[in-house]
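What follows is a set of notes on a single structure, which appears directly below.
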Number of protein chains: 2
Amino acid sequence: MTATTIKDIAKLARVSHTTVSRALNDSPLINRETKHRIREIADRLNYSPNLSAKSLVLDRSYNIGLFFSTLTSGTSSTFFFETVRGAHRAIPPDYNLVIKGIDDYPDFGKITNKSFDGIILMSQSADDQRFIDAVTTKHIPLVLLNRSVDDGMLLNILADDEQGAYSAAQYLARLGHRKIAIIEGRPGFQSAARRKNGFAKAMQEHEIPLNPDFCVAGNYDVQSGYDAMRRLLGLAERPTAVFCSNDDMAFGAMKACMEAGLKVPEHISLVGFDDNHFSAYLTPALTTVRRPIELISSEGASRLIQAIGRKETIAETILLGAELVIRQSAAAPYKSVDIMEEAHE
Amino acid sequence: MTATTIKDIAKLARVSHTTVSRALNDSPLINRETKHRIREIADRLNYSPNLSAKSLVLDRSYNIGLFFSTLTSGTSSTFFFETVRGAHRAIPPDYNLVIKGIDDYPDFGKITNKSFDGIILMSQSADDQRFIDAVTTKHIPLVLLNRSVDDGMLLNILADDEQGAYSAAQYLARLGHRKIAIIEGRPGFQSAARRKNGFAKAMQEHEIPLNPDFCVAGNYDVQSGYDAMRRLLGLAERPTAVFCSNDDMAFGAMKACMEAGLKVPEHISLVGFDDNHFSAYLTPALTTVRRPIELISSEGASRLIQAIGRKETIAETILLGAELVIRQSAAAPYKSVDIMEEAHE
DNA sequence: CATATTTCTGCACACGTTAACAGTCCATTG
DNA sequence: CAATGGACTGTTAACGTGTGCAGAAATATG
């Protein structure tokens with residue numbers, strides 16, 4: 001009934017448990033034939049080592065913590081799924097991928113180098129800094145995804161949000177838009193700031209002044225995109241194009257447009273960010289920016305595994321390119337088309 | 001540098017490590033003042049118990065495995081997210097929620113009652129049976145979500161798919177539709193079969209014969225919904241309403257309709273299943289069936305925790321109601337409206 | 001043949017915790 | 001005053017592994 005241990009195997013093989021341990025770990029000290037014999041017995045008994053005992057003596061937990069700022073809200077499901085999947089893919093099967101929210105912990109005392117061999121933090125808020133400090137002072141290997149902290153001591157991996165937003169905004173400008181609005185991301189999230197920066201940079205290069213009325217708040221929720229769009233449509237002078245800081249908000253925005261009787265992209269152009277699972281299947285299909293979340297996550301996980309093996313920490317910031325995906329939700333502005341047509345005639 | 005242990009505390013408090021252990025576990029054997037003194041020292045040293053050592057002696061891993069059939073494909077992100085979130089919510093913070101795919105394991109030898117205190121299986125395929133057998137023969141507490149196995153020994157928790165599909169199909173019939181098609185779920189998935197059953201039952205009650213041309217295959221992907229719809233639209237006699245076995249496929253189907261110049265719900269009615277995060281924000285908003293995934297998962301997790309505590313297994317099948325959410329993607333059929341209008345005049 | 005060397009195996013302990021059992025001390029009882 | 005019992009605390013072993021060191025056996029070396 002109780003699980004078989006190396007001692008059971010030792011008895012059957014008439015050797016000491018030490019020899020069994022060595023044989024199963026393929027130590028060069030053990031005779032080939034003895035190894036063979038022991039392994040066969042182990043197989044026969046369906047032996048599987050007790051991880052707790054191993055952990056205790058080897059000082060490794062075989063746990064990799066995948067932490068999110070919170071699991072209760074503010075995370076989109078596609079984002080979550082891709083992150084988990086990326087990490088899962090890169091982690092050897094003998095490790096446990098443990099999902100946690102930072103807000104599970106009243107304090108970080110219980111997080112020790114015994115409980116996690118390494119931690120992947122999918123960081124979504126500047127509030128995570130306390131957590132980062134706690135983890136680094138305990139010398140637990142850490143990779144930080146999605147946000148950069150130029151601590152000089154951390155491995156950061158993130159999408160180039162600024163460049164991504166820049167290409168999206170530039171695309172709108174090149175289509176001929178001059179009245180371009182932005183629905184911003186959740187306040188306090190670094191990604192929100194970076195995307196706005198990229199947007200602003202493109203505006204500046206095209207010599208389009210940043211109209212404060214055209215910069216409306218959002219929080220990455222579908223609903224907030226809907227609300228923000230209604231505010232924009234209530235303006236005396238409406239924008240002809242809107243850059244939404246993520247796809248969820250673009251969904252909401254599109255809904256608001258349709259309710260107002262506006263056709264996308266004929267009357268108003270929309271661009272999103274993230275390339276959600278569903279974005280290609282909207283009508284019109286959403287032009288957006290693809291952020292390689294799964295790649296970020298898997299890259300982070302495999303670097304973490306490496307760092308654990310080598311017992312060294314690497315400090316570096318890696319930006320993975322975000323790529324504009326052109327579909328149907330953005331087109332040349334109404335007016336501009338008229339003007340061009342008139343010019344042709 | 002090395003973490004503090006109860007022995008360190010013992011030295012400082014001039015007691016034996018046993019006393020420390022008892023004090024920290026709030027044993028009634030220890031004097032109040034002694035407890036106090038010891039706890040203060042423990043706090044001061046930021047003591048946190050070594051979980052591996054605890055696990056070894058208590059024979060509990062503090063790991064709860066959350067298994068999916070696979071993590072690489074075939075799982076929708078909202079489904080995944082809600083499942084994880086539900087389990088996470090119900091599990092005490094000192095447990096680790098470990099995410100695994102069944103297909104991570106070439107064989108199940110490494111899954112022992114030492115590695116998991118309990119297992120939650122979000123089962124999506126009949127192929128999971130081998131896994132279920134392996135887990136139960138090892139006497140690891142198990143709850144089975146989303147599928148039922150009337151093994152007599154298992155706790156099953158799932159949505160009442162049949163009833164849900166039945167209400168959706170009945171709704172379409174009551175709207176006046178007679179030419180109703182179904183886009184089916186992934187072959188081999190029990191949910192696919194149950195939904196089709198519910199659909200068929202409603203058809204039967206309304207004395208609508210099941211037209212084989214109107215039963216088209218899908219696999220729960222957006223793309224498969226799109227493809228299936230195109231097949232339906234290519235039929236000589238088109239359906240006036242389509243029940244899609246999940247929302248993802250409904251998305252694809254809606255896209256196909258629009259491309260064909262058909263308006264939803266004016267020309268064709270669509271109903272989905274799952275109530276995805278985005279379904280309410282489609283245009284038209286999708287009428288669908290809400291399946292309480294997060295509730296299923298959290299209910300399963302808390303029952304599992306209970307079972308682990310009491311060291312007993314409960315065998316039961318719990319069906320949680322799936323509820324029709326009426327929005328805008330289904331309406332009375334074209335023809336029927338005309339007929340009714342003529343009758344009124 | 002004696003000694004040195006290589007090859008293999010076992011003893012004993014360690015990891016950090018819990019728990020059965022055995023004391024110790026003090027107060028209460030007869 | 002001895003005996004009994006209650007309230008604590010300590011001794012010791014155990015959980016299942018891995019590892020330094022010592023030792024045995026086999027082989028090579030002189």
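If you're wondering where the values come from, they're calculated on a predicted model, not measured in any experiment. Per chain, numbering begins at 1; letters A, B, ... match sequence-line order.
Distance, A:Asn50 CG to D:dA14 P: 17 Å, rounded to whole Å. If you take CG of B:Asp26 and P of C:dA19, they are 14 Å apart, rounded to a whole angstrom. If you take CG of A:Asn113 and P of C:dG16, they are 11 Å apart, rounded to a whole angstrom. Distance CG (A:Asp59) to P (C:dT17): 12 Å, rounded to an integer number of Å. A straight line from CD of B:Glu33 to C1' of D:dT9 spans 15 Å, rounded to a whole angstrom. Going from atom CG of A:Asn31 over to atom P of D:dA26 covers 12 Å, rounded to whole Å. To the nearest angstrom, P of C:dT17 lies 9 Å from CG of B:Asp8. The separation between A:Arg60 atom CZ and D:dG16 atom P is 22 Å, rounded to whole Å.
The nearest heavy atom of DNA chain D to B:Leu56 and to B:Val15 marks one nucleotide each, and the one closer to the 5' end goes with B:Val15.
In the set D:dT17, D:dG10, C:dC8, D:dT17 carries the atom at the smallest distance from any side-chain atom of A:Lys7.
With 3.5 Å as the limit, one finds no donor-acceptor pair spanning the side chains of A:Tyr47 and A:Arg39. A side-chain N or O of B:Arg291 and one of B:Asn146 form a donor-acceptor pair less than 3.5 Å apart. For the residue pair A:Ser191 and A:Asp161, no side-chain donor N or O sits within less than 3.5 Å of a side-chain acceptor on the partner. With hydrogens and angles left out, the side-chain atoms of A:Ser148 and A:Arg194 include a donor and acceptor closer than 3.5 Å.
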With the criterion being N/O to N/O and under 3.5 Å, what pairs connect the protein with nucleotides 18-21 of chain D, and how long is each?
{"unit_1": "D:dG18", "atom_1": "OP1", "unit_2": "A:Asn25", "atom_2": "ND2", "d": "3.1"}
{"unit_1": "D:dG18", "atom_1": "OP2", "unit_2": "A:Ser21", "atom_2": "OG", "d": "2.4"}
{"unit_1": "D:dG18", "atom_1": "OP2", "unit_2": "A:Asn25", "atom_2": "ND2", "d": "3.4"}
{"unit_1": "D:dG18", "atom_1": "O6", "unit_2": "A:His17", "atom_2": "NE2", "d": "3.0"}
{"unit_1": "D:dT19", "atom_1": "O4", "unit_2": "A:Thr18", "atom_2": "OG1", "d": "3.2"}
{"unit_1": "D:dG20", "atom_1": "O6", "unit_2": "A:Arg22", "atom_2": "NH2", "d": "2.8"}

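A tilted orientation is assigned to the rings of A:Phe80 and A:Phe68, their planes being inclined by 30° to 60°.
Within the 4.0 angstrom heavy-atom criterion, no nucleotide atom of any strand lies near A:Ser52. Here B:Lys114 lies out of heavy-atom contact (under 4.0 Å) with every strand. Among the heavy atoms of the strands lying under 4.0 Å from B:Ser16 is at least one base atom, whether or not backbone atoms are also near.
Between D:dC15 and B:Ser55, no contact under 4.0 Å exists linking OP1 or OP2 to a side-chain N or O.
By the ring-ring contact (aromatic ring centres under 6.0 Å, His included) test, A:Phe108 is found to be paired with A:Phe131, residues two or more places apart in sequence or in another chain being considered.
The ring of A:Tyr220 has its center no closer than 6.0 angstrom to the ring center of A:Phe79.
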